[in-house]
Amino acid sequence: MKKMREATVLVTEARERVGGNVTSRSDGTYTWEEGPNSYQPGDAILTLACDAGMRDDILLADPASNRYVLWDGKLRILPHSIESAVLGDFLTWPGKIRAGLGAIGIRPPAPGKEESVKEFVSRNLGTEAFERLIEPFCSGVYAGDPAALSSVAATGRVQRLEPLGGSLVAGAIMAQKEAAQNKKPRDPRLPEVKGQTVGSFRGGLKTFPEGLAKQLGDDVVKCNWKLVGVSKSAEGGYECAYDTPEGPQTVRTKCLLLTAPAYVAAEMVKDMAPAAATALNKFYYPPVASVTISYKKDSFRLDGTSALPEGGLTGFGQLHPRSQGIRTLGTIYSSSLFKDDKRQPDDEFMILNYIGGARDVAIKDLSEEELVKQVHEDALKTILKPGTPLPKVVGVKVWEKAIPQFNLGHLDVLAEAENALTAADCGEKDGLFLGGNYTAGVALGRCVEFGIEQADEVVAYLNAASKKAVAV
Ligand SMILES: Cc1cc2nc3c(=O)[nH]c(=O)nc-3n(C[C@H](O)[C@H](O)[C@H](O)COP(=O)(O)OP(=O)(O)OC[C@H]3O[C@@H](n4cnc5c(N)ncnc54)[C@H](O)[C@@H]3O)c2cc1C
């Protein structure tokens with residue numbers, strides 16, 4: 001183990017590699033993502049990447065690229081700005097007027113009610129904006145059901161705008177003012193982030209966790225170390241039992257940050273705090289499959305009958321609202337997203353399809369062949385020329401428990417788990433912290449940001465604990 005500041009830190013991972021869901025694969029010809037495809041390039045993740053010497057590996061997609069949403073058989077360009085929202089064909093005129101009026105506040109929420117994402121957005125922006133814009137994004141981010149997702153838990157920052165300003169627009173103006181007032185000088189090492197772009201790393205997302213692990217070193221980061229039990233130590237702190245390649249190991253620690261999925265954390269705390277385990281087991285992780293396939297470039301419809309620009313395969317990708325008869329949740333144009341990082345042969349165009357989620361759990365029973373056939377048939381309906389033969393299959397991965405759903409009651413259940421840990425003297429005040437995406441938010445960038453915040457909390461805990469020890 002290695003000394004870091006005043007603490008000794010050990011990072012353990014059950015698998016043979018770091019990164020968790022972040023799973024970039026390469027076979028020498030293709031490079032593809034099996035888990036997350038990209039991240040929102042907030043300052044937290046960019047700073048960490050720069051700190052770990054990965055500044056030159058950061059990739060940012062062209063913010064001018066289009067995103068598409070399928071509606072009535074046409075891939076429509078997602079508006080980039082208020083102007084394009086008003087002038088474009090993404091919403092009908094009644095839909096635009098309803099969204100505009102709603103955004104300035106026409107229907108206040110029912111007091112004390114926890115709204116679903118569907119309720120919150122339909123009340124504020126109208127049914128059409130919900131169906132065409134937000135419903136596909138719930139599929140894209142959570143693979144979730146917007147009627148079940150909690151607005152406050154799943155869209156915290158947007159949800160906050162309404163109480164802040166009395167309407168979404170007034171709240172957004174106030175939030176912008178707040179941000180301008182609190183603006184700190186930006187670290188000059190960070191790349192400029194323009195518009196609604198997304199990020200990755202040269203060689204795929206895995207470059208990032210691998211770079212962090214390399215910086216920490218093998219003494220700190222232990223792969224193939226599976227945590228199998230946690231108990232309170234008679235000498236204070238916790239005893240963590242691991243299965244390791246060298247056989248069982250026990251580590252005593254003053255402070256433990258559990259970032260494994262909620263159902264694993266539940267197993268770890270069940271003897272110390274059974275009620276916390278019951279709460280943690282309530283979080284739902286539906287299955288999602290990622291299916292990466294590649295076609296010859298001339299397989300695509302570039303004649304104006306798809307939304308792809310004539311003669312060019314560009315853009316972030318496309319989302320499919322559940323009402324539009326396409327089973328695939330969304331398709332990412334892997335070949336055009338990070339053009340500087342060659343990820344497939346020059347004469348091909350590779351796409352990453354996500355399929356499944358909370359409203360299509362049956363995908364876990366499909367074979368790889370059936371999954372490929374399904375996404376191919378869906379692509380034929382939107383972007384491929386009729387008669388295009390089955391693609392080159394680059395990689396298929398079924399995540400049986402993919403993404404925790406921030407459903408109605410999520411924050412209460414999280415509080416229930418934390419309160420039960422506190423009541424059993426094994427919560428944050430006793431040095432045991434819960435982390436990971438079901439606590440932070442599911443976006444990769446948010447998980448990183450939250451991890452940095454938690455690291456400060458852990459240091460504060462250890463500093464306070466060592467002061468107490470001196471006072472005793
Ligand atoms: C298919 C898919 C697509 C996604 N797409 C995107 C996207 O494009 N953009 C985005 O921002 N987010 C995306 N996400 C979400 C994002 O990837 C995750 O929320 C985030 O990576 C989760 O990080 P985590 O560390 O909380 O959990 P995980 O990545 O699940 O890591 C948990 C780790 O705990 C380890 N572990 C489990 N049990 C034990 C044990 N007993 N002992 C030791 N270690 C253990 C696991 O092996 C794993 O490495 C996607 C997720 C999935 C599944």
Side-chain angles (χ1 to χ4, degrees), residues 10-24 32-42 44-45 61 137 139-144 154 198-200 204-206 208-210 212-213 221-230 240-244 249 251 256-269 280 283 285-292 316-317 319 329-332 334 337-338 352-358 363-364 371 395-406 434-451 454:
L10 182 67
V11 179
T12 61
E13 165 54 54
R15 292 184 186 134
E16 71 296 346
R17 56 164 186 88
V18 292
N21 284 338
V22 173
T23 316
S24 320
W32 70 102
E33 301 289 355
E34 286 186 340
N37 175 73
S38 51
Y39 59 88
Q40 293 298 322
I45 189 165
F137 268 93
S139 299
V141 176
Y142 282 92
V198 292
S200 182
L205 282 177
K206 74 167 185 164
F208 178 60
E210 285 180 354
L212 296 179
V221 181
K222 301 282 186 196
C223 287
N224 287 313
W225 272 49
K226 183 177 181 190
L227 184 65
V228 289
V230 180
C240 301
Y242 292 95
D243 276 348
T244 80
Q249 303 265 353
V251 174
L256 175 64
L257 173 52
L258 280 175
T259 60
Y263 48 88
V264 177
E267 275 300 301
M268 297 308 121
V269 302
L280 289 167
F283 294 122
Y285 291 68
V288 173
S290 64
V291 182
T292 302
F316 285 96
L319 288 166
L329 295 169
T331 299
I332 286 166
S334 305
L337 203 49
F338 303 111
L352 160 56
N353 303 274
Y354 292 116
I355 182 166
I363 59 106
K364 71 177 187 323
L371 285 165
V396 178
K397 163 91 182 169
V398 179
W399 297 87
E400 296 231 342
K401 291 183 172 191
I403 300 173
Q405 299 298 292
F406 280 42
L434 297 177
N437 58 2
Y438 70 96
T439 60
V442 301
L444 182 57
R446 175 59 197 146
C447 292
V448 171
E449 188 181 47
F450 190 73
Q454 278 198 309

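Basis for what follows: all heavy atoms, side chains included, without hydrogens, waters or symmetry-related copies. As the structure lists them, so they are numbered: ligands from 1, and atoms in each ligand from 1. Computed from a predicted structure; not experimentally measured.
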Between ligand 1 and the protein, find all N/O pairs closer than 3.5 Å and give the distance for each.
residue	atom	partner	partner atom	Å
ligand 1	8 (O)	N37	N	3.0
ligand 1	9 (N)	S38	O	2.8
ligand 1	11 (O)	L444	N	2.7
ligand 1	19 (O)	N437	ND2	2.9
ligand 1	19 (O)	V442	O	2.6
ligand 1	26 (O)	N437	N	2.8
ligand 1	29 (O)	N21	N	2.7
ligand 1	41 (N)	L227	O	2.9
ligand 1	42 (N)	L227	N	2.9
ligand 1	44 (N)	A14	N	3.1
ligand 1	47 (O)	E13	OE2	2.6
ligand 1	49 (O)	E13	OE1	2.5
ligand 1	49 (O)	E13	OE2	3.2

query = Between CG of L205 and CG of L444, what distance do you get to the nearest 0.5 Å?
reply = 6.5 Å
Spacing of CG belonging to L258 relative to CG belonging to L434, to within rounding of 0.5 Å =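 Going from the CG atom of L258 to the CG atom of L434 covers 6.5 Å.
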message = Are more than 12 heavy atoms, taken from residues, nucleotides or ligands other than K226, located less than 6.0 Å from that residue's NZ atom?
response =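 Incorrect, the count does not exceed 12.
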message = For the residue pair S24 / E33, report whether a side-chain donor-acceptor contact shorter than 3.5 Å exists.
response =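 E33 vs S24: donor-acceptor pair found between side chains.
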Quiz item: cation-pi between K401 and Y263, 6.0 Å / 45° =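 Geometry flag: set, cation within 6.0 Å and 45°.
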message = Name the residue from L256, L280, V230 that meets the side chain to side chain contact (heavy atoms under 4.5 Å, CB included) definition with V269.
response = L280
